[in-house]
Amino acid sequence: MDYQFREIEQKWQKYWADNQSFKAEANSDKPKYYVLDMFPYPSGAGLHVGHPLGYIASDIFSRYKRLKGYNVLHPMGYDSFGLPAEQYAIQTGQHPAVTTETNINTYRRQLDQIGFSFDWSREVRTSDPAYYKWTQWIFMQLFNSWYNLETDKAEPISTLIHKFNEAGSADVKAAKDEDTRTFLPTDWATFSEEEKQVELLKYRLTYLKESTVNWCPALGTVLANDEVKDGFSERGGFPVEQKKMMQWSMRITAYADRLLQGLDTIDWPEPMKEMQRNWIGKSVGASVKFKILTPTLSEGEGASNYGYETADPLLWEILKTNARVNRGNQTDAEDALWQELRNSKTGHKVRRQHPIGTYIADFICLNKRLIIEVDGGYHLENQENDKARTDALNQLGFEVIRFTNEEVLSNLKTVVTQIKLELDSRPDAKSTASNSLSFGEGQGEAYIEVFTTRVDTIFGVSYLVLAPEHEWVAELTTPEQKADIENYILQTKKKSELDRMADAKTVSGAFTGTYVVNPVSGERVQLWIADYVLAGYGTGAVMGVPSGDQRDWLFATHFNLPIIQILDAQKDIDVQADPTKEGKYINSGFINGMEYKEAVAFLNQWLEDQGVGKAKVNFRQRDAIFGRQRYWGEPIPVYFKNGLPYLLKEEELPLVLPEIDKYLPTETGEPPLGRAEDWKYEDRYEYELSTMPGWAGSSWYWYRYMDAQNNSEFASKEAVDYWKDVDLYIGGSEHATGHLLYSRFWNKFLKDLGFVQEEEPFKKLINQGMIQGRSNFVYRVVDEEGRGTNTLVSAGLRKDYKTIALHVDVNIVENDVLDIEKFKAWRDEFANAEFILENGKYICGVEVEKMSKSKFNVVNPDVLIAQYGADTLRMYEMFLGPLEQSKPWNTNGIEGVFKFLRKFWRLFHNEAWEFTVSDAEPTKAELKALHKIIKKVQDDVERFSFNTSVSSFMIAVNELTDLKCNKKAILQDLVVVLAPYAPHICEELWSLLGNKDLSTAQYPVFNPNYLVEDEFAYPISINGKMKMNLNLSLTLEAKEAEEAVLANEQVQGFLNGAAPKKIIFVKGKIVNIVV
RNA sequence: GCUGAAGUGGUGGAACUGGUAGACACGCAGGACUUAAAAUCCUGUGCCCUCAACAGGCGUGCGGGUUCGAUUCCCGCCUUCAGUACCA
């Protein structure tokens, strides 16, 4: 019989399903191999021809590995929570679960007919309660954990509570919120239950916090940063605004360093790793504090309302913030002393980190007008600063006493006694404080902190810049500059609404009128605002070093600010900046003469000693917002008591999505879950109404496949210990900073708690390229008035006419030739169209675009399978080009692959299409052809070069056809080698050859002896130009070969009497004669 | 701008470690079979000069270099695609 692909494919697809041919064994003596595809979101449109590309590659690989004796796990499932089903539900009222089910059925049908070797007994669906029970369970583990920076891993929250009980919070090194409190074990004991929970929430790996979120009013939900593109939602393109909300977040930043380091241990494409590195955005540098010089106030201004709040009113907000940060960053000495002074232990009320004038006092007793300062070492600069400070504070009517860190730590008792004596001996002041405040210009302690990666250039600072959105801008603007600054801020806001990218190169900014002091040089520099500084990165403030940074150089040049050379190696800084790190420092105070490395180390140390900065690592990545105000997602297993979140009990999982009447927010603006009736925990407490984001379910699904039916664990320990990790993961590069990053994060977390074994989940990753659409066009002739006529002109002749291009359905075009009859039937308006042909054909124009319905360039795999069969489709998709390369889909050429399969089928059949094979001994040539392909396919598959093996199959079949080979000994092995690519035809032939179950066959063993040759047709080249071939024995060594070559008449002819200077002979490769 | 990948016939692409550039396939041209078409089979097909050649020249984005020999290695430039961005 001729090659009847329809019957063959249906027959074997049924056989595989009935026999569960591809079920992975739970335990096996064979080595394990885990091949994973990124599971699809089942959209209503079904699969187009681009979707299966990666699945075909992974299927070939899985089938190949099975033949090579591996116990292969190759599962498939559905990422079935998501926005489109919910949008559809809003429009039609149909429950998303129903839509999802329908779509999954379409996907399953389409996948089945391509003949994939998935183990469907392990299918997962993220929207199935039996699945999301475990997504919720992982959420609970995260809630119950904190990140210990000392052990560098996540630990149960109980170990944190233990630390609080034993030693308080001072020594805890954790990834946490900024506003945690410092307390003693005795304080912890006195905290109420609510206070404890509030404090613990600041440490948990998933936590509730007021954050600025990307709120999309049109979608009624919060979006992650990677779901927002240029201020619009990725899905739908609706405007997105910033809004403050209480939100669940995941403390992924705790893992930033490990996520970065892990990249060096995995076999992923370099661009993927690079994208993750950029996303995490680690910068090593320093933070430096620049003191703010108080702007001069006009008379009469000032703040009498501040009462005992003794701070300079203008700087009050800033000082308050600084003070709060300082309280969280107490030195050991300050902390020790505070424990002795607090709660009026001395008999006097003492405050710490209290703003006073333009300073922050370490400790202060307002009633006694006494300030107690604890300092670092005795640097000369320090003493000078301290003196200035003391003088200023004295002027405000305060006495200052100072102790060093050392004194406090080694002699705490004496220090405390001294303070007590001083306090007791002083008269009460009875608040007259603020009257004596002066607002003259003076050296203050209010500061702006900047982050820099080039701390070595700090002596070259000629100005400071704040982001226009920086919260202190208003405070720091002098009355004279107020108009300028407000105007600039207004422009910035307008600009961000328009296209900010467009004028990225224009320099703009405004001077605040305020000056700050460079801590290393004491120089006074101007404080500006400019929109090139981003509020969201670092501290929202940068230092400007025009000689070393081109952007700063442009800014300084534009606003006529000084440009200071700082390295002797800097060149042409009057023309542009020179960011070199070479040479020795000049104009740089105490680092003059140093080189880069030395200067950085010295400065970091110096800044820290002075308390005005320190080495710092900054990350671009922020914690991941975890809540979505949507219906179709996993409910968060949390309820609220007295406004605080509590977890459900484990045995109460899953918390199932409740039914609601409409899939919209409530009238009061609550998420859709607010509509659920009688939905309360223990009938009393409110559940969390947000659901989890799309990436929750996909961040651990590969573990569920290991043990998909387990009801008591997310996967059994035995299963996880056996399968461990994914050996090969194939999917699109669009998931680089979403799914792939979150999955690595959850995996590391699960490993820390001992639930899984591997630090990294996906050992090897391959990105299949995007399949683009290839649109075809017809050209309608337009008359003088620009109206379309009824005449269409072929692409090659269109330049002679005035035309407009129209998309035409690619399915009625073959090899760019339009099927005119089908075209006339396609649209009524074309029924009577006339055609101007070239060479009797209508040739269509071509353009590469995104594959989409509106462009009529969608090719449905169903159509191709009906016409050519699944085996042809599989091989053709591979034949198209390298897997990782993006390319337009083009059905031209699928015939060639189909012809190949028929030719292959033909090898097993005689002229009358009867199955006939011979038992004769194979010849040397036949064995050579076979073993060449055995080796080639093996090499190609191992390096994921599937397109080249398809070519090689064609060569092998062409060779065997030429040899008229129908010998069973050859063909049987060939069937096994081809089986991963074209499984149906091979399974049929395998069974016709008298075997059973190709999936249990062995890949043939390559025998190099069959490829050994005695002779080789050496290319003979003269001066590197190939001239001719010459057959020589492969046993010949250089000398004999040279003689043989020179003796050849034809070679002599090419030499034409010239004497060879040199002869290069590479055995088995080439002979090159140099004349 | 930065980062990454890539530029090879009419087209998709091959050449894996510096050793015969263009495998394999599409398309195209010619032929066989056929009343005819489809299907199938055979032959040719990088470009230029040439009636033709088993004659010569040019050819892997461009310009240089290393080498007996470069699509492959090095330097500079151009173009395309992807990601990312006033990231301090």
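We use all heavy atoms of the structure for the numbers below, so side chains are in, but hydrogens, waters and symmetry mates are not.
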Expressed in angstrom and rounded to an integer, what is the separation of [X] atom [atom1] from [N] atom [atom2]?
X: A:D819; N: B:rA38; atom1: CG; atom2: P; value: 14 Å
X: A:M272; N: B:rA5; atom1: CE; atom2: P; value: 13 Å
X: A:E274; N: B:rC81; atom1: CD; atom2: C1'; value: 17 Å
X: A:Y532; N: B:rG1; atom1: OH; atom2: P; value: 20 Å
X: A:N278; N: B:rC86; atom1: CG; atom2: P; value: 13 Å
X: A:F879; N: B:rG27; atom1: CZ; atom2: P; value: 12 Å
X: A:I280; N: B:rU3; atom1: CD1; atom2: P; value: 19 Å
X: A:W889; N: B:rG12; atom1: CH2; atom2: C1'; value: 12 Å

Answer yes or no: does a side-chain N or O of [X] lie under 4.0 Å from OP1 or OP2 of [N]?
X: A:S283; N: B:rA88; result: yes
X: A:Q885; N: B:rG13; result: yes
X: A:R551; N: B:rG1; result: no
X: A:N958; N: B:rA23; result: no
X: A:Y1018; N: B:rU20; result: no

### Task
Name every residue in residues 1061-1071 of chain A that has at least one heavy atom under 4.0 Å from any atom of RNA chain B, in order of residue number, or write none if there are no such residues.
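By residue number: A:K1062, A:I1064, A:V1066, A:K1069, A:I1070.
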
Within the structure shown, what part of the strands sits under 4.0 Å from [X] by heavy-atom distance: base, sugar-phosphate, or nothing?
X: A:K903; value: nothing
X: A:R902; value: sugar-phosphate
X: A:E895; value: nothing
X: A:R943; value: base
X: A:D940; value: nothing
X: A:P882; value: sugar-phosphate
X: A:M1026; value: base

Flag, side chain of [X] to backbone of [Y], donor-acceptor distance under 3.5 Å:
X: A:N767; Y: A:G731; value: yes
X: A:S949; Y: A:V937; value: no
X: A:K273; Y: A:I266; value: yes

### NZ/NE/NH1/NH2 to OD/OE distance under 4.0 Å, A:E1042 and A:K1039
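No, A:E1042 and A:K1039 are not salt-bridged.
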
### Message
Whether A:K928 and A:E959 form a salt bridge (side-chain N of Lys/Arg under 4.0 Å from carboxylate O of Asp/Glu) is what I want to check.
### Response
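A:K928 and A:E959: not salt-bridged.
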
Quiz: residues 535-546 of chain A side-chain donor-acceptor pairs under 3.5 angstrom, not counting sequence neighbours:
{"residue": "A:Y537", "atom": "OH", "partner": "A:S283", "partner atom": "OG", "Å": "2.9"}
{"residue": "A:T539", "atom": "OG1", "partner": "A:E449", "partner atom": "O", "Å": "2.6"}
{"residue": "A:T539", "atom": "OG1", "partner": "A:A541", "partner atom": "O", "Å": "3.4"}

### Query
Want to settle it: does A:D962 or A:K1025 sit nearer the 5' end of RNA chain B, counting the closest nucleotide to each?
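Here A:D962 is the residue nearer the 5' end.
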
Candidates [options] - which lies nearest the side chain of [X]:
X: A:R620; options: B:rA85, B:rU40, B:rU20; result: B:rA85
X: A:V542; options: B:rC86, B:rC26, B:rA88; result: B:rA88
X: A:T452; options: B:rC16, B:rU20, B:rA88; result: B:rA88
X: A:T948; options: B:rA25, B:rG13, B:rA14; result: B:rA14

Please measure how far the [atom1] atom in [N] lies from the corresponding atom in [M], and state the result in whole Å.
N: B:rA6; M: B:rG57; atom1: C1'; value: 31 Å
N: B:rG69; M: B:rG1; atom1: C1'; value: 40 Å
N: B:rU43; M: B:rC48; atom1: C1'; value: 24 Å
N: B:rC51; M: B:rC41; atom1: C1'; value: 31 Å
N: B:rG44; M: B:rG10; atom1: C1'; value: 16 Å
N: B:rG59; M: B:rC47; atom1: C1'; value: 7 Å
N: B:rG13; M: B:rA23; atom1: P; value: 15 Å
N: B:rU35; M: B:rG46; atom1: C1'; value: 40 Å

### Message
Can you list every stem that RNA chain B is part of, counting only runs of 3 or more consecutive Watson-Crick or G-U wobble pairs with both distances under 3.5 Å?
### Response
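Stem list for RNA chain B: B:1-7 with B:78-84, B:10-12 with B:24-26, B:27-32 with B:40-45, B:46-48 with B:56-58, B:61-65 with B:73-77.
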
#### Entry: Minimal non-hydrogen separation, A:G1024 against A:N1072, with atom names
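Reported closest heavy-atom pair: N-OD1, 3.0 Å.
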
So [X] and [Y], would you call those rings parallel, tilted or perpendicular, with 30° and 60° as cut-offs?
X: A:F953; Y: A:Y981; value: perpendicular
X: A:F904; Y: A:F908; value: perpendicular
X: A:F1006; Y: A:H931; value: tilted
X: A:Y1018; Y: A:F1065; value: tilted
X: A:F879; Y: A:Y876; value: tilted

### Query
Just checking, is any N or O donor in the side chain of A:E942 or A:Y64 under 3.5 Å from an acceptor N or O on the other one?
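Yes, side-chain donor-acceptor contact under 3.5 Å.
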
### Task
With syn defined as a glycosidic angle within 90° of 0 and anti as everything else, classify B:rG4.
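Because its glycosidic torsion lies more than 90° from 0, B:rG4 adopts the anti conformation.
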
#### Entry: Presence of donor-acceptor pair under 3.5 Å, side chain of A:N892 and base of B:rC26
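No pair found.
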
